[in-house]
Participant: 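After the structure tokens below, expect a handful of questions from me.
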Amino acid sequence: MEIKDRADDAEESFSNSNTDSIIQIIDDDKIIRSMLTKVLQKSGYQVLTSENGKDGLAQYQKQKPDLVLLDVLMPEMDGYEVCLELRKLEGNHVLPVLMLTGLDDVVSVSRAFSAGATDFVTKPINLALLRERVKYALKGRDMYYEIQRQSNELNAILYSASDGIVTTDMEGIVLDANPAAEKLFGCSKEEMINQDFMRFIDFTKITDYDMGQDKTGGIENINIRLAGNRVNGESFPMEYNVNTISIGELRIKSYFLRDLTERLKIERLKGEFIQTVSHELRTPIAAIKGAVGILASGILGELPEDVQELVNIPQKACRNLENLVDDILDVTTLEDVSESVNYEVVSLRDILEKLISNYQDFAADNEIQILYENDSDVQLNTDSRYLYNTLKHLMSNAIKFSQKNDDVRINVLKDKDAFKISVSDNGIGISDNDKQNIFNKFSQIDNSSTRKQGGTGLGLYIAKASIEKLGGSLSVESVLGQGSTFVVSLAQGNIDDVDVKS
Amino acid sequence: MVNLPTVDFIILNELKDIMEESFSEMMIEFRDEIPSYKSRMTEFVTDAEKLFTLTHTIKSSSANLGFVRLSENCRKIEEGLRIDATMKVDSLVDECKNELDMVYLEIEKILAS
């Protein structure tokens, strides 16, 4: 991220003369006072004059001019003394004081600057040059105030932000931290500055991350969920967003930090609630399914055709409810960051054969054939629950959206270090527009044939999230009206595939 | 030593350009100060400090207005007193007062034109 140097902005806004300023002239020479007054008034300034240092100081305190032209050689109080007093009065040393002097020797000039003069102007005064010097001195002062104002504004924002904000150099050494960051880590800003910021971060506890790239492909914006280390040794769940910022030649990293303790607690409670409710729902669903099933079977007596049709309704509804409860439980499990992945060596062929066996009836009902070439087996080091979840939703969709008498094909390919499992159909396909949204929660392509199929809208979301939990990916190739191929990709760097003769 | 004119018209005209209509006012103001300058010079001839300050002042303003010979005269007194405060400056002061009269006349001419 590039940020324009604020000084450039301030310079631009002050390129015009600031002629509503007040100039004070302190000089014992009446002619000089008169001449300078006339020249400056012509340039649009308001002018105050005093003929000696004492009066000049009193006038300054009363009127607070924006710039002072000060003669050096004056009786009683000379210009150096007046300048020193002005600096004491002013406090912040920003008042431009231009000393007018007929003395241009090195000692006098040096003395002028030591007394706090901003600039010196030799007599006889070049009036045109004086005008420019006054203008420039006022511009400088105004720019200073503007930068100060912007700085104060920024500090106010940083100070009051509820997110912790920490800036570091490119080596990760802390440059600054706001009060929220101090609270987060349980220490003062001073204890953080010049420390390696990595001391405060626990990278062994990363649970989620997201990297955004800039136009050139360099990674600039990173969002990470992990744990933070408080100074007292306590660990806490934290997320941060880090940005690399370039300001001219300067490059810094800016971290926005948030304590997730409360939020995770709420998420856990929510998850527990949903799980409990979902489990509770299963009981009445089972009861309805059971009772209706008995009726439909004809054990209690043959049902008339119109009654049979009626009975199909709750049967189908129960199936849908069961699927919905299963899907909701899957989603809750996937979103529970404390839920771990259990890796074990499993046979891919076993998983696929179980999948096909479980969906044989569903496929048959829809007059679909499932084709799978199983000439070689692959041993995978993975969590079979998540992998099965992914594949089952792909299978279910493929069957639902195919035409009667069509087939669904499963293939396994090894591509460098990854295994690709594809589930293909010749069904209705997916438009390019819809491809953007199909993996979102509750997304269902809105047309009559898909609505007829029912479903929860969570299937593909679950499929993708499940495989991503294993470090894999899910992609789709599809042409509207011609069918779809969903490809599950799983990298397996440390597995040998075993050829088993069928 | 370079013989300086009473008025350096280059400086004067530059001043006139910048001051515009206020130029005449400036000339009148300086002209009206001349009698006071002369009487103070007479009064301070034996007071080195006061004379120094007075000539320093006149030196600056006259230089700015283009009255270069007057400025140079004042500078000589100032310089002399800086080196030796007891220096006798009577003749230099007289020269200065004469020059003040010359400047008075020049201003009248300028204002009349």
Side-chain angles (χ1 to χ4, degrees), chain A residues 23 25-45 47 49-53 69-82 98-105 107-108 111-112 120-135, chain B residues 4 7-8 10-37 40 44 47-72 74-79 81-82 100 103 107:
Chain A
I23 315 282
I25 304 169
I26 307 176
D27 194 320
D28 61 329
D29 184 344
K30 184 175 159 193
I31 303 296
I32 295 289
R33 286 200 306 273
S34 179
M35 187 172 67
L36 295 183
T37 300
K38 290 175 169 58
V39 164
L40 292 169
Q41 279 174 343
K42 273 198 185 321
S43 298
Y45 299 108
V47 182
T49 61
S50 292
E51 60 181 42
N52 61 61
L69 292 171
L70 179 58
D71 186 26
V72 170
L73 272 178
M74 292 189 288
E76 286 170 30
M77 208 178 173
D78 68 25
Y80 305 122
E81 289 172 288
V82 174
L98 277 59
M99 302 259 271
L100 310 171
T101 174
L103 310 162
D104 62 356
D105 57 288
V107 171
S108 302
R111 221 180 137 191
F120 77 93
V121 177
T122 50
K123 291 177 178 176
I125 300 169
N126 179 323
L127 295 171
L129 190 59
L130 177 80
R131 266 200 312 223
E132 290 307 308
R133 279 170 131 143
V134 162
K135 190 166 136 188
Chain B
L4 292 167
V7 183
D8 180 333
I10 295 173
I11 297 174
L12 191 86
N13 288 330
E14 264 173 20
L15 182 69
K16 204 170 172 185
D17 284 339
I18 290 182
M19 303 294 289
E20 294 172 352
E21 67 279 359
S22 308
F23 173 76
S24 307
E25 274 173 51
M26 284 262 37
M27 286 291 119
I28 291 167
E29 266 185 58
F30 190 82
R31 183 201 64 185
D32 292 350
E33 279 296 301
I34 287 173
S36 164
Y37 286 152
R40 278 190 277 165
F44 299 154
D47 187 336
E49 202 183 312
K50 286 191 176 147
L51 187 62
F52 180 92
T53 308
L54 177 62
T55 50
H56 176 80
T57 301
I58 301 172
K59 180 193 81 172
S60 298
S61 40
S62 57
N64 253 100
L65 297 172
F67 304 131
V68 290
R69 196 170 347 157
L70 174 62
S71 183
E72 177 60 15
C74 290
R75 190 200 65 77
K76 279 193 260 185
I77 298 173
E78 195 190 2
E79 204 52 44
L81 289 174
R82 198 207 303 266
L100 278 164
V103 166
I107 292 175

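The sequence lines fix the lettering, A, B, ..., with proteins before strands; numbering per chain opens at 1.
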Participant: Using a strict threshold of under 4.0 Å (side-chain N to carboxylate O), is an ion pair present between A:Lys42 and B:Glu21?
Facilitator: yes
Participant: Can you say whether B:Glu14 sits under 4.5 Å from chain A via the side chain, the backbone, both, or neither, judging by heavy atoms?
Facilitator: neither
Participant: Does atom CD (B:Glu49) have a neighbourhood of more than 12 heavy atoms from anything else shown, all under 6.0 Å?
Facilitator: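 No, because the 6.0 Å sphere around CD of B:Glu49 holds 12 heavy atoms or fewer from other groups.
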Participant: Mind checking the CG-NE2 spacing from A:Asp28 to B:His56? Nearest 0.5 Å is all I need.
Facilitator: 7.5 Å
Participant: Look up atom CD in B:Glu25 and atom NZ in A:Lys38, then write down how far apart they are to the nearest 0.5 Å.
Facilitator: 4.5 Å
Participant: With a 4.5 angstrom heavy-atom cut-off, which part of B:Glu29 approaches chain A: side chain, backbone, both or neither?
Facilitator: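 Answer is both: backbone and side chain atoms of B:Glu29 are under 4.5 Å from chain A.
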Participant: Let me know if A:Asp27 has heavy atoms under 4.5 Å from chain B in its side chain, its backbone, both or neither.
Facilitator: neither
Participant: Rounded to the nearest 0.5 Å, what's the gap from CG on B:Asn64 to CG on A:Leu36? Could you check?
Facilitator: 7.5 Å
Participant: Determine whether A:Leu73 and B:Thr53 make a side-chain contact, defined as any pair of heavy atoms from C-beta on separated by less than 4.5 Å.
Facilitator: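 Of all side-chain heavy-atom pairs linking B:Thr53 with A:Leu73, none is under 4.5 Å.
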Participant: For B:Phe23, is it the side chain, the backbone, both, or neither that has a heavy atom closer than 4.5 Å to a heavy atom of chain A?
Facilitator: neither
Participant: Which heavy atom of B:Met19 sits nearest to which heavy atom of A:Met35, and what is that distance?
Facilitator: CE-O, 3.9 Å
Participant: By a 4.5 Å heavy-atom criterion (distance strictly below it), what part of B:Leu15 contacts chain A: side chain, backbone, both, or neither?
Facilitator: side chain
Participant: Which heavy-atom pair separates A:Asp29 from B:Tyr37 by the least distance, and what is that distance?
Facilitator: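 In terms of heavy atoms, the two residues are closest at OD1-OH, 4.3 Å.
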Participant: Do you know the tightest heavy-atom contact between A:Ala128 and B:Ile18?
Facilitator: N-CD1, 3.7 Å
Participant: Only pairs of heavy atoms separated by less than 4.5 Å count here; which of A:Ile125, A:Ile32, A:Asp71, A:Val39 has the most with chain B?
Facilitator: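 Among the listed options, the one with the most contacts to chain B is A:Ile125.
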